Asks: 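Here you go, one structure.
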Amino acid sequence: MIELQGVRAGYGAINILWDVSLSIRQGELTTIIGPNGAGKTTLLRAIMGLIPLSQGVVQLDGRPLSGVPTWKMPSLGVVMIPEGRMVFKEMTVEENLMLGAFTKQHRAGARKQCDRAYEMFPRLYERRHRPAGTLSGGEAQMLAMGRGLMADPRVLIIDEPSLGLAPVIVNELFETLARLKGEGRTIVLVEQSTHRAVGVADHVYLLQTGKVVLSQKAAETDMARLHDLYFAH
Ligand code: ATP
């Protein structure tokens with residue numbers, strides 16, 4: 001569904017990703033793991049068109065995605081939920097949700113999608129009139145996910161959703177991811193919680209210093225070997 005071939009990208013003169021090739025298959029949960037600074041977020045930014053590619057291509061359903069502006073991605077069914085949640089703290093929970101349906105194509109169905117988000121995250125419904133800044137970390141992550149779902153995406157790209165959350169909330173989060181996968185959505189998950197990510201994933205990519213060093217079916221992943229590769233430099 002999404003294919004990267006020989007992607008190089010970085011920030012100005014500094015290159016971070018080195019000839020990254022990978023496939024995101026439809027209906028699967030693909031996890032991209034790797035130590036701090038490996039380039040996971042940079043990879044997601046390259047897919048979303050937030051940074052230019054200096055080499056290689058990104059394709060969606062066989063068509064080049066490179067050059068499509070980021071704001072048009074939801075219209076193509078691709079949505080990213082950024083690291084750090086990025087909710088607008090002074091706006092209410094519902095106003096934040098509605099922002100997820102900003103494109104003309106999604107505006108008409110916004111009310112219905114908002115109700116679906118409340119169904120998935122009842123706590124957001126309870127807090128719908130409160131400023132997003134009053135939410136706990138777990139609730140803010142739910143809001144960021146609910147906002148992403150407002151565009152009813154085919155592909156949901158999620159960057160480190162468990163960051164800073166209590167273990168019990170992380171459990172809920174992973175249940176939600178499994179549910180989203182059950183709905184048939186394609187998910188790309190960047191995670192530090194390696195065990196959990198591999199547990200919920202279909203396919204695993206390990207990134208090290210901007211290179212893919214392991215690509216494997218999650219069910220065939222040997223955690224001890226993964227651990228060794230993860231910490232190898
Ligand atoms: P983390 O788990 O810490 O988020 P990551 O694997 O997502 O790690 P990236 O955030 O992609 O890693 O960062 C990869 C490298 O790119 C790091 O060396 C980082 O310092 C650098 N980097 C990230 N963002 C920028 C930026 N906006 N400008 C310059 N360098 C950046």
Side-chain angles (χ1 to χ4, degrees), residues 2-24 29-58 65-71 73 78-87 137-138 140-141 143-145 147-148 155-167 169-170 173-174 177 186-201 203-216 218 221 223 225-233:
I2 295 182
E3 290 277 339
L4 276 74
Q5 283 160 12
V7 167
R8 281 195 193 191
Y11 304 96
I14 305 162
N15 196 63
I16 304 293
L17 302 175
W18 297 94
D19 307 322
V20 171
S21 297
L22 54 82
S23 302
I24 312 293
L29 193 154
T30 302
T31 189
I32 299 164
I33 56 175
N36 285 339
K40 305 179 296 296
T41 299
T42 304
L43 176 60
L44 301 188
R45 288 185 185 140
I47 296 174
M48 293 302 293
L50 287 163
I51 54 168
L53 311 184
S54 55
Q55 261 186 49
V57 284
V58 178
L65 205 52
S66 331
V68 175
T70 307
W71 61 268
M73 298 277 179
V78 182
V79 159
M80 176 161 153
I81 298 167
E83 183 178 350
R85 287 122 212 176
M86 307 281 178
V87 298
Q141 184 60 41
L143 178 54
M145 295 187 50
R147 185 180 56 192
V155 189
L156 204 52
I157 297 177
I158 315 175
D159 196 359
E160 306 234 10
S162 73
L163 205 68
L165 303 183
I169 308 294
V170 177
L173 177 81
F174 274 86
L177 291 174
T186 304
I187 301 175
V188 182
L189 174 68
V190 160
E191 253 300 331
Q192 292 278 345
S193 312
T194 309
H195 273 84
R196 289 189 203 248
V198 174
V200 77
H203 201 92
V204 181
Y205 286 100
L206 174 62
L207 212 61
Q208 273 277 20
T209 56
K211 294 180 189 135
V212 173
V213 296
L214 179 106
S215 162
Q216 203 164 44
T221 302
M223 291 309 288
R225 178 160 174 263
L226 185 68
H227 186 268
D228 289 347
L229 279 172
Y230 194 101
F231 291 106
H233 280 284

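Remember, it's 1-based here, ligands and their atoms both numbered in the order they're listed. This is a predicted model, so every value here is computed, not measured.
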Asks: I would like to know whether Gln5 and Ser21 meet side chain to side chain donor-acceptor pair (under 3.5 Å); could you show each step before the answer?
Replies: CA-CA 4 Å; Gln5 283 160 12; Ser21 297; over 6 Å; no

Asks: Hey, mind stepping through Ile47 and Met73 against side-chain contact (heavy atoms from CB on, under 4.5 Å) and telling me if it holds?
Replies: CA-CA 10 Å; Ile47 296 174; Met73 298 277 179; over 6 Å; no

Asks: Nearest protein heavy atom to atom 10 (O) of ligand 1, by residue and atom, and its distance?
Replies: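 Closest protein heavy atom to atom 10 (O) of ligand 1: Thr41 CB, 3.6 Å.
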
Asks: Measure the distance from atom 12 (O) of ligand 1 to every protein heavy atom, then report the residue, atom name and distance (to 0.1 Å) of the closest one.
Replies: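 For atom 12 (O) of ligand 1, the nearest protein heavy atom comes out as Gly39 N, 3.3 Å.
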
Asks: Among all protein heavy atoms, pick the one closest to atom 2 (O) of ligand 1 and tell me residue, atom and distance.
Replies: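 For atom 2 (O) of ligand 1, the nearest protein heavy atom is Gln192 NE2, 2.9 Å.
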
Asks: Give a yes or no answer on whether the side chain of Gln208 reaches the backbone of Tyr230 with a donor-acceptor pair at less than 3.5 Å.
Replies: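 Answer holds: yes.
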
Asks: In terms of residue, atom name and distance, what is the protein heavy atom nearest to atom 22 (N) of ligand 1?
Replies: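 Nearest protein contact, heavy atoms only, for atom 22 (N) of ligand 1 is Tyr11 CE1, 3.4 Å.
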
Asks: Is the side chain of Gln192 donor-acceptor paired with the backbone N or O of Leu163 at a distance under 3.5 Å, no angle test?
Replies: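 The answer is no, because no donor-acceptor pair under 3.5 Å joins these two groups.
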
Asks: Find all atoms of ligand 1 within a distance of less than 4.0 Å from any non-hydrogen atom belonging to Arg45, and give their numbers and elements.
Replies: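 So the atoms of ligand 1 that pass are 24 (N).
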
Asks: Starting from atom 9 (P) of ligand 1, what is the nearest protein heavy atom, named by residue and atom, and what distance separates them?
Replies: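 Here the nearest protein heavy atom works out to Thr42 OG1, 3.6 Å.
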
Asks: Drop me the distance from Arg196's CZ to Leu189's CG, to the nearest 0.5 angstrom.
Replies: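 Arg196 CZ to Leu189 CG: 12.0 Å, rounded to 0.5 Å.
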
Asks: If you apply the rule side-chain contact (heavy atoms from CB on, under 4.5 Å), what do you find for Ile14 with Ile16, and how did you get there?
Replies: CA-CA 6 Å; Ile14 305 162; Ile16 304 293; 3.9 Å; yes

Asks: Return the closest protein heavy atom for atom 16 (O) of ligand 1 as residue, atom name and distance.
Replies: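 Ranking protein heavy atoms by distance from atom 16 (O) of ligand 1, first comes Ile16 CD1, 3.3 Å.
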
Asks: Please state which protein non-hydrogen atom is closest to atom 14 (C) of ligand 1 and give its distance, to 0.1 Å?
Replies: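 Checked against all protein heavy atoms, atom 14 (C) of ligand 1 sits closest to Gly37 O, 3.5 Å.
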
Asks: Please identify which atoms of ligand 1 are closer than 4.0 Å to at least one heavy atom of Pro35.
Replies: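 Checking each atom against Pro35, I get 6 (O).
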
Asks: Just to verify, which of Val204, Thr194, Val200, Thr221 counts as forming a side chain to side chain contact (heavy atoms under 4.5 Å, CB included) with Thr31?
Replies: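 Single side chain to side chain contact (heavy atoms under 4.5 Å, CB included) partner of Thr31 among Val204, Thr194, Val200, Thr221: Val204.
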
Asks: Looking only at protein heavy atoms, which one is nearest to atom 4 (O) of ligand 1, and how far off is it?
Replies: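 The closest heavy atom on the protein side is Glu83 OE1, 3.7 Å.
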
